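The shown structure was predicted, so the numbers you read here are calculated from the model rather than taken from an experiment. Throughout, a chain's letter reflects where its sequence line sits, starting with A, and its residues are numbered from 1.
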Amino acid sequence: MDNSLRELYQEVILDHSRHPRHYGALESATHKAEGYNPLCGDRVTVYLKLDAGNRVADIRFEGKGCAISQASASLMTDLLLGKTAAEADQLMTGFLHVVKGEPPSDLPEDARNHMEVMAGLSAFPMRVKCATLAWYTYKNAVEEGSQ
Amino acid sequence: MDNSLRELYQEVILDHSRHPRHYGALESATHKAEGYNPLCGDRVTVYLKLDAGNRVADIRFEGKGCAISQASASLMTDLLLGKTAAEADQLMTGFLHVVKGEPPSDLPEDARNHMEVMAGLSAFPMRVKCATLAWYTYKNAVEEGSQ
Amino acid sequence: MTAAPKITSAFDAEAARRDFAILAKPVYGKPLAYLDSGASAQKPAIVLETMKVFAETDYANVHRGVHYLSGAATDRYEAARRTVQKFLGAAREDEIIFTKGATEAINLVAYSYLMPVIQPGDEIVLSVMEHHSNIVPWHFLRERQGAVLRWVDVCDDGSLDIEALDAAITARTKLVAITHMSNVLGTVTPLAEIVKRAHAKGVPVLADGVQGAVHEIVDVQALDIDFYTITGHKLYGPTGIGALYAKRKHLKAMRPFNGGGEMIREVARDRITYADPPARFEAGTPPIIESVGLAAALDYLSGFDRAAVKAHEHDLLTYAREGVRELNWVRVIGDAQTKGAILSFEAEGMHAHDLATILDREGVAVRAGHHCAQVLMVRFGVTSTSRASFALYNNRADVDALLSGLHKAREILAKD
Amino acid sequence: MTAAPKITSAFDAEAARRDFAILAKPVYGKPLAYLDSGASAQKPAIVLETMKVFAETDYANVHRGVHYLSGAATDRYEAARRTVQKFLGAAREDEIIFTKGATEAINLVAYSYLMPVIQPGDEIVLSVMEHHSNIVPWHFLRERQGAVLRWVDVCDDGSLDIEALDAAITARTKLVAITHMSNVLGTVTPLAEIVKRAHAKGVPVLADGVQGAVHEIVDVQALDIDFYTITGHKLYGPTGIGALYAKRKHLKAMRPFNGGGEMIREVARDRITYADPPARFEAGTPPIIESVGLAAALDYLSGFDRAAVKAHEHDLLTYAREGVRELNWVRVIGDAQTKGAILSFEAEGMHAHDLATILDREGVAVRAGHHCAQVLMVRFGVTSTSRASFALYNNRADVDALLSGLHKAREILAKD
Ligand SMILES: Cc1ncc(COP(=O)(O)O)c(C=O)c1O
Ligand SMILES: Cc1ncc(COP(=O)(O)O)c(C=O)c1O
């Protein structure tokens, strides 16, 4: 069996995809966006509640798609909860580096450890879009999705 | 010098193209058609006066084009003058065979001799259309060009 | 310049495999099991070589040239048209229009045949198993001119509901647009019967023959069909070329689609006239080298006993179908009686993309996704499927690789 | 997979000739003098080889596949887009749309950009030296929607009358559609100045760059041009592919042209949404192998010092121009100051087709006819011309063959 596959579909990822954190609609959302990958039909909706200081007071997602896209969305909610907009941007940049196998950018160590489970993706460039869908949708929610 | 060229552009052809027979409009035409080759811009108008028995009582042409198309039109008027529709069809078939270098069809000997000057065309398949333009225009005049 | 047709009574797939260099190239160190010919077929050496040699010896632009190379290239281009004519059984060569692919061919019919005449409320009948290429051009007519799309359902086994199709044809129907063979279900539609019923109501029929022409023997005259479209790259030919067959009576009445060189009769500042078909519909420099490649591909395919090829592909389909039947976690979508060599399925607990990624690392190339058939996905309540499609060069080893890949994927993805 | 660019300071045409196998193949036993690159250029070995190797090693359909070959093919296809982007100096890769050729690229602009907005009486400004490909699509808008074509004349030497162009742009002008380089006169138009003047009046500009991109270095950003079109087969690349450059702001606002796979976002029975550019304009399977060939061709061309290539071609033009100047029975049409390597002429007492036939037997390939520029023919009072066009692989021996062929033709055709 291919090791890169084992790394890609490691327990943590499968667990995230089967038991996603923060799954479901968020009634009190201040921001919301829908992401869609027309190439594979994957879909994710991100709900955000930003507080006065633009901090992610609450976050939820709903979606349908491959293990990678669902796990990545779940992982993202874990990472973003409680973060300021600036911190979130830094996390997103870092995440993009990780999944593309590019040199890592400045990241808090716990965030990096958290994301490390996604590093296997860099061997699967055709699947990177699956992993980034949720993040771009988050970004969209912040920028254009105010409710 | 290429012999096939000498044969194509022999004196008789050049003479026909420079001093075309039966050139000009025909006031009393009963039939008329315009032929046009969009690939090269060659143009020929054929005027016919058919008598009661469908005999070519008079024929004229006007046109602009290469030596081959003009010579062929001129030669055609010589050949068709005085002929019945059936005789004309036979001549046309014979002419198509001659210029394509196909086995000759049944033709009166004088007509065949007359056409022989066009036999050189069979070595120039790309120019066959130039030679047949006038004939197809004649055919068109008979079939659809009644004035 | 193209291979003399070799007639063989039984089909030797192992021999044919050797015509396709790419099949011998391992993927991630594994033998390649290319089960994605439904998306695009690989090209035999004779096709690639014929195109290269043509470009090295006889190439120039076509039609307007008097010089030797232009004549040679024109001859090859027009000979390719006759090869397509023969392949489809068309009555006349000027009923064949070269296009960039089947998608363009269908758009040509939409823009040149229907757009000038369609009125708000006029109807176009199509099936839910159409490829987007045979849907979107008709949506344009809906969006822009108020046409109504009438959808014909398929039965649960994926076969066409012919009675529903018949019922959908009304006095307002302007066209039936239907696939010859579904690129997802594999379903082969009863084209002759469809044409008969549509014509009985005075309605013309367009068939999307992209898959059908690969696996079935087509005779447009026997079918009496109005429009039939093919694409080169699925017929073992090059990309960048396809063809539209249309009855001459339609072509003569149709207005041009693209405007440009070759398709005119006379252009002036304030008026314009158009050339006769087929030139009228072939604006600009056509895919010249590709036409020569397509002819070589059709010659290659026609060099085999097509019935034997079909039997071979069908054997693979059956072998694969039996193989997955044993896996109670695999659900096949499309089990029609008349079915070509395409197998679509869902595997429990595995998204098609994850499955395809795992299969890929095993050297098995399948498609995963909606296959440009979103309407059909909705019909079967899925967002995507995995699809294995079989070509003449596939063998049972390819199917074995698929089946063992499926087991590995389950091990990785569905292990708890 | 494509050749590493080789930068040479002076251009060695004799070395380049060896890249084109077809040039070494005699015609009627005579050396070939191929002076018809204006109609279509020959293709260097690296282009043909790159396409063949790609098809043998990395081919599959693009975009929707998860498997290895599909990824490899997609990478090559998108890399080709970036090669075109760089070649034209575009800011973004998604401003490059692959088409089947320049003719389709111009039609795309007509159908997707202008057709939805044009009103009866709206004007399109174009020059009398346009190729039919940059005329007929606008005639469609005249015929179908009442647009008015405003024609800008050329001066007697074939140069564009820029003041007339300026004057032709009115408040009703919706587009200026102009060639970058005339395929008959060789005239290179002052694109930057044209764009400046049109933009000053708020009017966008489309340039037909089919000839211009071959002989000039293009920088669409510096030109600030709205639309620029190229075709592969004149750029030493394959047939069946071309490209449209368009500013992103235009592309984002444009509706689709062809409908089919790849260009949608979501398709349902009664509604549809479209993908973002460039996908929105690339319906169906694109010319994948051809895109790889085009990239190889552009890499090949860019591997030379383009200014040196231009100087070489200009030398041939001057040498030919001087040669025919001595023949008082030859009339050159097109003597503009800014002129690329194309020489059109009439020879007294000889029709262009007869002349071309005789030259052909001498191994000299020229075009004869209206060159898809009938409006220009009328402007110069001719029905056809003969045209010699020069490419990087031509040499003075080719010109000598042309000149001696002219003498022979006169001997045969005009001897009394
Ligand atoms: C100036 C010009 N524009 C447009 C075209 C048409 O381009 P294509 O060959 O891609 O149809 C040509 C060539 O035929 C041309 O020379
Ligand atoms: C059934 C069907 N129709 C149409 C198409 C589109 O044809 P093309 O590849 O020529 O765009 C395809 C393939 O993608 C297909 O499978």
Exercise for review: Decide side chain to side chain contact (heavy atoms under 4.5 Å, CB included) for A:Asp42 and C:His351; before the verdict, give the C-alpha distance in whole Å, the side-chain angles of both, and the deciding distance to 0.1 Å.
Suggested key: CA-CA 10 Å; A:Asp42 282 2; C:His351 188 280; 3.2 Å; yes
Between the CG atom in A:Leu8 and the CG atom in C:Asp354, the distance rounded to the nearest 0.5 Å is 7.5 Å
*Counting heavy atoms not belonging to A:Lys129, are there more than 12 under 6.0 Å from its NZ?*
no
Comparing A:Cys66, A:Ser17, A:Ser4, A:Gly65 against chain C, the one with the most heavy-atom pairs below 4.5 Å turns out to be A:Cys66
The complete set of ring-ring contact (aromatic ring centres under 6.0 Å, His included) pairs with one or both residues in residues 123-147 of chain A, sequence neighbours excluded, reads A:Phe95-A:Trp135
Checklist entry - Near A:Lys64 NZ, under 6.0 Å, is it more than 12 heavy atoms from other residues, nucleotides or ligands? => result no
**Study point:** Over 12 foreign heavy atoms within 6.0 Å of CG, A:Asn113
**Key:** yes
Between the CD atom in C:Glu362 and the CG atom in A:Leu5, the distance rounded to the nearest 0.5 Å is 7.0 Å
To the nearest 0.5 Å, atom CG of C:Asp360 lies from atom CE of A:Met126 at 5.5 Å
If one checks every heavy atom of C:Thr357 against chain A at 4.5 Å, the contacting part turns out to be both
Closest non-hydrogen atoms of C:Leu413 and A:Leu14, given as atom of the first, atom of the second and distance, are CD2-CD2, 3.9 Å
Are there more than 12 heavy atoms of other residues, nucleotides or ligands under 6.0 Å from atom CD of A:Glu27?
no
All heavy atoms of A:Arg127 vs all of C:His353, minimum pair found to be NH1-O, 3.0 Å
Cut-off 4.5 Å, heavy atoms of chain C, and the answer for A:Ile13 is neither
